Amino acid sequence: MAEPAAGVSSLVDLINSLPEPDGTWGPPVTTETTLNGVPYAPFSKSDKLGRMADWTENKDGGRDGRGRQQYNRSYRDQQVYGAGSASLFAAPVAEDEASFSVVSNVRDTTKTRFGRGAVFTRGRGQRGRGQDSRAGGRQQFQRQGRGGAQYGGYDSRGGARGGGARGRRFGWKDYDKPQRNRDASINIRPDWKLLEEIDFNRLSKLNLETDEGEDIDSYGFLYYYDRSYDKPPVKNAERKLAVVDRAVYNVTTSSDPIIQELAEKDEASIFATDSILSMLMCAPRSVYPWDIVIVRQGNKVFLDKRDNAALDMVTVNENAHDAPLEASEGSKEIINQPPALAEEATYINHNFANQVVIESQKVDMPHENPFYSASDETEPPASKAYKYRRFDLSTSEEDPTYLVVRTELDAVQKNPNNGEDQFVTIHALNEFDNKAQGSGGALDWRTKLVSQRGAVVATEMKNNSCKLARWTVQSILAKADVMKLGFVSRASPKVNDKHVVLGVIGWKPKDFANQMNLQLSNGWGIVRTIADMCLQRDEGKYVLVKDPNKSILRLYEVPVGGLDEDDEGPEPEAEAEAEEE
């Protein structure tokens, strides 16, 4: 037999060295168990290896202390080998570590912030009920003694200023702030029936075009506005806010004798006051809780308010990004808490409107003030004109729907061009402490009001969007020619009963509404929608409540005697008559 060639011999030897064929192909099966159970990190051939392996990933899935996913721009298109699998190789925690604790004798100095369970109490001013409006149609704003000693019963022990510097930056950690838990403005009883629940997104989409309204009648009188307040104050000669005792009335809708007469004459099917109507029209801008009592009698709807209702108070920085805190939320300055600020702002608006008029010049309306009685009052009436106006809210000619609203005017002034009288509404914005918590990043009015007036007004539009929108709506409803806004500041940040007037700025109400992006057609759509909900149901009382912590309105049906005011005893006058008999 011939021997194979040298090259063929090596190939035969290689084939003979292979294992015996048993029907399989590939490497032989091994019986070693060294790598059993060892996980493999994910890897794709298309990925670029930035590093061999990364075992430094945080146990919370790659989220840092701020709670946001970090994005490494150097490895935008790369997948780190071993990333996402570090937890597979983590050593198991020993059982005895669960009960391990560190004993330290060092006092814990961690600063506490307001917790998630803090309660935000929506306080209201400590005002007396005065005369019951149902016993003669008068309801009097409680007036304080001269000098402001009794106003609000405030505690001036405010302590040191808090809140940090004015220029605090918001943003990176504000998303993680606890939700404020406010109390509702009214106690919802178990026997109240929930009829509707409307979120603000739905309210913002409503729209109803109406006319500018027509005047029905006017009552009261007006003093002329003092134009000297429009001039910037002389340095070191600021005007102090004076305490002016004048009789001011805030009568609810169903207790107004004029509205009762108009209802008997079937002048409209919806009746309201400008304060209540403006709150409803500006509901999507509101943050604090409020409520409106709706009374349906026959085919008519009356929008009422309760005594000492939340919407009677003037809020402060309601829409600010970091609104003033309650005591339960960590606020240590009593005078800078929401209830105290609201009482202070209401006090300022009451006195400011009476101070900036000239009482020697007067314009009388066709009828006298329907709420003032000289025999019952010790102070003269305030400059106030009540105009009852009617608006057409009809959506079709077959179903006409009208609304009558009682509007208010505060003063009158001469037009500098033609000398005609212009009706004026007067309100006041107040500054408590631009460096305190809850100031909303406001500028220092004393130094910036003249030089940076636009920035000051823009900041107030942001921090007090709901309040300014309500004032603007009230001015448009009353068909006022000018809306005056006063800027009042504390004489000292730590004292809330002494104030100075820094300036007054006037706007045309419609121009101011355009600057605020305020659409009256949206407000009219809200009013018509709420009124239709009540007109479609049986006669009785309903309560519209703003949820204290959510952007939601809820409509409740209230049984007879379901409101607090219905549980009260008989009226004082009725008791006196019973005793005489």
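Fair warning: this is a prediction, and the values are worked out from it, not measured in the lab.
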Looking at side-chain heavy atoms only, is the closest gap between [X] and [Y] below 4.5 Å?
X: F352; Y: I426; value: yes
X: E431; Y: D444; value: yes
X: I258; Y: H367; value: no
X: M516; Y: S465; value: yes
X: E333; Y: P493; value: no
X: K484; Y: Y229; value: no
X: P381; Y: F371; value: no
X: M313; Y: W290; value: no

Is it the case that the side chain of [X] and the backbone of [Y] share a donor-acceptor pair, with hydrogens and angles ignored and the cut-off at 3.5 Å?
X: E318; Y: C466; answer: no
X: N349; Y: A428; answer: yes
X: D410; Y: V424; answer: no
X: N549; Y: R182; answer: yes
X: T273; Y: T252; answer: no
X: K462; Y: N319; answer: no
X: D304; Y: S254; answer: yes
X: T472; Y: A513; answer: no

I'd like to know whether CZ of R453 has more than 12 heavy-atom contacts from other residues, nucleotides or ligands below 6.0 angstrom. no

Is the number of heavy atoms from other residues, nucleotides or ligands within 6.0 Å of CD (E368) greater than 12? no

Using the six-membered ring of F423, assess whether NZ or CZ of K387 lies under 6.0 Å from its centre and within 45 degrees of the ring axis. yes

Short N-O contact, [X] and [Y], less than 4.0 angstrom:
X: K414; Y: D421; result: yes
X: D481; Y: K508; result: no
X: D433; Y: R490; result: no

Just do the side-chain contact (heavy atoms from CB on, under 4.5 Å) check on V251 and R406 with the steps written out, would you? CA-CA 10 Å; V251 182; R406 184 191 75 214; 4.1 Å; yes

Just checking, any donor-acceptor pair under 3.5 angstrom between side chains of [X] and [Y]?
X: S275; Y: R470; result: yes
X: N464; Y: E460; result: yes
X: D230; Y: Y225; result: yes
X: D256; Y: Y388; result: yes
X: N522; Y: Q519; result: no

If you compare all heavy atoms of [X] against all heavy atoms of [Y], which two are closest, and at what distance to 0.1 Å?
X: T425; Y: E408; value: CG2-O, 3.9 Å
X: K305; Y: A309; value: CB-CB, 4.3 Å
X: D215; Y: R389; value: OD1-NE, 2.5 Å
X: Y288; Y: T315; value: CD1-CG2, 3.7 Å
X: N354; Y: A382; value: OD1-CB, 3.5 Å
X: T407; Y: D274; value: CA-OD2, 3.8 Å

For the side-chain contact (heavy atoms from CB on, under 4.5 Å) test, which of L303, L280, I198, D291 pairs with L544? L280

Gap between atom [atom2] of [Y] and atom [atom1] of [X] - 0.5 Å precision:
X: K384; Y: F221; atom1: NZ; atom2: CZ; value: 10.5 Å
X: N434; Y: W445; atom1: CG; atom2: CH2; value: 10.0 Å
X: S286; Y: L553; atom1: OG; atom2: CG; value: 7.0 Å
X: L555; Y: I294; atom1: CG; atom2: CD1; value: 5.5 Å
X: F302; Y: T253; atom1: CZ; atom2: OG1; value: 8.5 Å
X: L241; Y: N430; atom1: CG; atom2: CG; value: 10.0 Å

Report the residues that fulfil side-chain hydrogen bond (donor to acceptor under 3.5 Å, both in side chains) with Q413, sequence neighbours left out, ordered by chain and then residue number. Q422

Can you name the residues that form a side-chain hydrogen bond (donor to acceptor under 3.5 Å, both in side chains) with S218, not counting sequence neighbours? none

Ring centers of Y386, Y219 separated by less than 6.0 Å: no

Aromatic contact between F391 and W524, with the criterion being ring centroids under 6.0 Å apart: yes or no? yes

Take L520 and M281 through the test side-chain contact (heavy atoms from CB on, under 4.5 Å) and record every step on the way to the result. CA-CA 8 Å; L520 259 70; M281 296 177 70; 4.3 Å; yes

K467 vs L429, test: side-chain contact (heavy atoms from CB on, under 4.5 Å). Steps then yes/no. CA-CA 10 Å; K467 176 171 68 175; L429 295 167; 3.8 Å; yes

Test log, rule side-chain contact (heavy atoms from CB on, under 4.5 Å), inputs Q337 and E326: CA-CA 5 Å; Q337 295 172 5; E326 274 280 6; 4.2 Å; yes

